[in-house]
Amino acid sequence: MLSILGWLFALAVGAGFVGSLSGLGGGVFIVPGLVLLAHVPMYAAVGASLISVVATSAGASVAFVRDGWTNLRVAMVLECATVTGAVSGAYLAGYLPPWVLELLFAVMMLQSAYFSLTKQDTELLSESDKLCSWLRLGGEIPDAGGQSLHYGVANIPGGAALMVLAGIMSGLLGIGSGALKVMAMDYLMRLPLKVSSATSNFMIGVTAGAGALVFLARGAVPGAIAAPVALGVTGGALVGSRILPYANVRALRMMFVVILVLIAVEMGWRAMSGL
Amino acid sequence: MVEPQEKTLEELHQSEAVLEEEDRILRVWTPVLLRSILIVSAIVLVIGLFKMAAQSPNAYVGRFRRIQSGEVTQQYESFQVLISRSLSGHPHSIVILGLMLLTLVPLARVAFCFFLFIRERDGIFVLFTAYVLTGLVAGVILGRIG
């Protein structure tokens with residue numbers, strides 16, 4: 001028993017560590033870790049991973065909320081969309097054949113790789129559009145001189161539509177869908193990248209929590225796997241977040257992209273083999 | 001629908017007070033609550049795993065192999081059964097209880113925001129937050145029926 005526990009724990013620590021350094025979260029790495037290395041069925045891996053995403057987000061969001069970058073109002077509007085998607089996705093996960101989940105996972109890995117390569121800060125929007133003004137979604141960030149700089153928000157319907165998709169993917173695949181969330185806030189809603197990342201981290205726990213509740217209520221979370229994985233991913237993510245300020249993330253980015261593409265190929269191959 | 005370009009002094013003071021209150025709740029109380037639930041759930045999970053290792057290591061290995069082979073996909077216990085089995089020291093039930101506690105963290109965070117917006121009398125955001133809470137409860141119901 002101890003060797004299995006130790007192996008799962010080590011796998012989870014590694015996934016949490018790489019997930020934290022890459023900014024993509026542990027779920028992106030723990031699901032393929034469990035499926036490809038521990039030979040756990042996709043559905044069981046998704047259940048265990050959703051719990052670990054909740055755990056990691058709970059640990060990380062304590063720090064993120066403290067730093068003042070999180071836009072709570074934007075998060076709350078978009079959580080309506082992500083929770084709707086996550087509950088639907090987690091419900092559907094019980095009915096879809098494994099190859100569909102594996103194929104979707106491969107597609108999401110490629111999207112994450114694309115996001116890692118192209119992510120860049122957009123120009124600050126000085127004024128919000130009408131709907132975002134009415135909802136008072138704009139905020140303030142400190143500039144280089146320590147002065148407050150106002151930023152506006154745009155296209156909340158477009159952002160919310162993409163958030164439904166992010167939620168569905170989260171519930172179906174056991175991931176936080178952070179890359180999709182940040183892309184929606186960054187490109188569609190024109191939020192500053194650091195605000196998008198912090199707000200996405202704040203939202204990930206609620207999105208994954210919605211999916212995890214469906215799995216838990218169904219009795220579909222394998223406790224024997226989820227417990228060591230949740231503890232390990234959280235531990236790995238904590239170590240990763242401590243090292244992150246000193247790491248040369250730009251140099252590591254290509255390595256993460258290669259890993260994501262390899263995972264996509266392997267999961268895609270599994271999906272095609274299961275057809 | 002259009003936000004006025006210039007705010008009166010009173011409106012500025014009001015919005016600053018709201019931001020300070022929001023800030024205090026977010027910076028002080030939310031992290032304390034989140035961290036407490038997180039620590040308690042981690043302790044419960046560790047206790048469950050230790051009990052598994054001490055009492056029934058072979059049962060754990062057997063369960064893991066059955067999950068690998070796809071024999072075990074769902075194992076539901078009602079909340080009452082889960083609590084009573086956890087109190088009587090059943091390792092698997094203790095682990096599931098720890099996982100349930102963990103999922104309380106995001107729920108608690110949304111509940112915090114709900115009360116924050118009620119205090120601010122921000123009707124539309126009370127509705128948004130209520131929708132999210134309802135969605136989380138709907139998830140539990142959907143999981144039970146399907």
Side-chain angles (χ1 to χ4, degrees), chain A residues 1-2 4-5 38-41 43-44 51 54-55 57-59 61-62 65-66 68 70 72-73 76-77 79-80 83-84 86-87 90-91 94-95 128 130-131 133-136 202 205-206 208-228 230-231 234, chain B residues 1-3 22-23 26-27 30-31 34-35 37-38 41-42 45-46 48-49 52-53 57-58 60-61 63-64 67-70 72-77 92 95-96 98-100 102-103 105-107 109-110 113 116-117 124-125 128-129 131-132 135-144 146:
Chain A
M1 174 192 169
L2 289 178
I4 295 175
L5 264 184
H39 308 294
V40 170
Y43 183 56
I51 297 283
V54 172
S57 167
S61 63
V62 171
V65 171
R66 274 180 179 167
T70 305
L72 183 67
R73 297 177 77 82
M76 210 37 82
V77 177
E79 269 174 5
C80 294
V83 165
T84 305
V87 169
Y91 184 75
Y95 296 99
S128 295
K130 280 186 181 177
L131 183 58
S133 290
W134 183 64
L135 292 169
R136 290 185 288 131
F202 186 80
V206 180
L213 282 171
V214 177
F215 271 75
L216 273 171
R218 211 181 242 163
V221 174
I225 295 171
L231 292 169
T234 310
Chain B
M1 288 280 281
V2 183
E3 194 184 40
E22 188 178 297
D23 200 50
L26 281 177
R27 283 172 193 267
T30 312
L34 296 184
R35 191 158 284 170
I37 302 176
L38 196 62
S41 60
L45 285 177
V46 170
L49 287 174
M52 264 184 197
N58 291 333
Y60 176 88
V61 177
R63 183 184 292 273
F64 181 75
I67 293 169
Q68 275 186 319
S69 64
V72 177
T73 52
Q74 287 175 209
Q75 190 183 15
Y76 175 74
E77 287 174 325
H92 186 257
V95 164
I96 296 295
L99 298 176
M100 280 188 169
L102 201 57
T103 51
V105 177
L107 247 171
R109 195 191 295 161
V110 179
C113 293
L116 172 79
F117 290 126
I124 188 83
F125 274 80
F128 283 138
T129 323
Y131 178 87
V132 174
L136 293 170
V137 175
V140 176
I141 297 167
L142 262 181
R144 279 302 303 122

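All heavy atoms count here, side chains included; hydrogens, waters and symmetry mates do not. Naming convention: chains lettered A, B, ... in sequence-line order (proteins, then strands); numbering from 1 in each chain.
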Nearest heavy atoms of A/A44 and B/I67, plus distance in Å: CB-CG2, 3.9 Å

Heavy-atom check, side chain of B/F128 versus side chain of A/R73, under 4.5 Å: no

Minimum-distance pair of heavy atoms, taken over all atoms of B/Q68 and A/H39: CG-O, 3.6 Å

Minimal non-hydrogen separation, A/G209 against B/P106, with atom names: CA-CG, 4.1 Å

Taking every non-hydrogen atom, the tightest pair across A/A227 and B/L45: CB-CD2, 3.9 Å

Structural part of B/L49 lying under 4.5 Å from a heavy atom of chain A: both

Point-to-point distance, once rounded to the nearest 0.5 Å, from CZ of B/F125 to CG of A/L135: 5.0 Å

Proximal component of A/A210, with respect to chain B [non-hydrogen, under 4.5 Å]: both

Distance (rounded to the nearest 0.5 Å) between B/M100 CE and A/I51 CD1: 9.0 Å

Exam field: side chain B/R109 to backbone A/F202, donor-acceptor pair closer than 3.5 Å: yes

Interatomic spacing from OH in B/Y60 to CD1 in A/I225 - rounded to 0.5 Å: 6.5 Å

Closest-packed option against chain A by number of heavy-atom pairs under 4.5 Å, given B/L142, B/V137, B/I141: B/L142

Residue pair B/L99 / A/F215, side-chain heavy-atom distance below 4.5 Å: no

Euclidean distance, B/C113 SG relative to A/E79 CD, rounded to 0.5 Å: 7.0 Å

Heavy-atom pair of closest approach, residues B/V95 and A/G223: CG1-O, 3.5 Å

For chain A, the option from B/V105, B/V46, B/L136 that forms the most heavy-atom pairs under 4.5 Å: B/L136

B/V132 and its side-chain contact (heavy atoms from CB on, under 4.5 Å) partner, picked from A/V83, A/T84, A/V77: A/V83

Engaged part of B/L107 at the chain A interface, taking heavy atoms whose separation is under 4.5 Å: side chain

Taking every non-hydrogen atom, the tightest pair across A/V87 and B/G135: CG2-O, 3.6 Å

Atom pair CD1 (B/I124) and CE (A/M76), whose distance is rounded to the nearest 0.5 Å: 13.5 Å

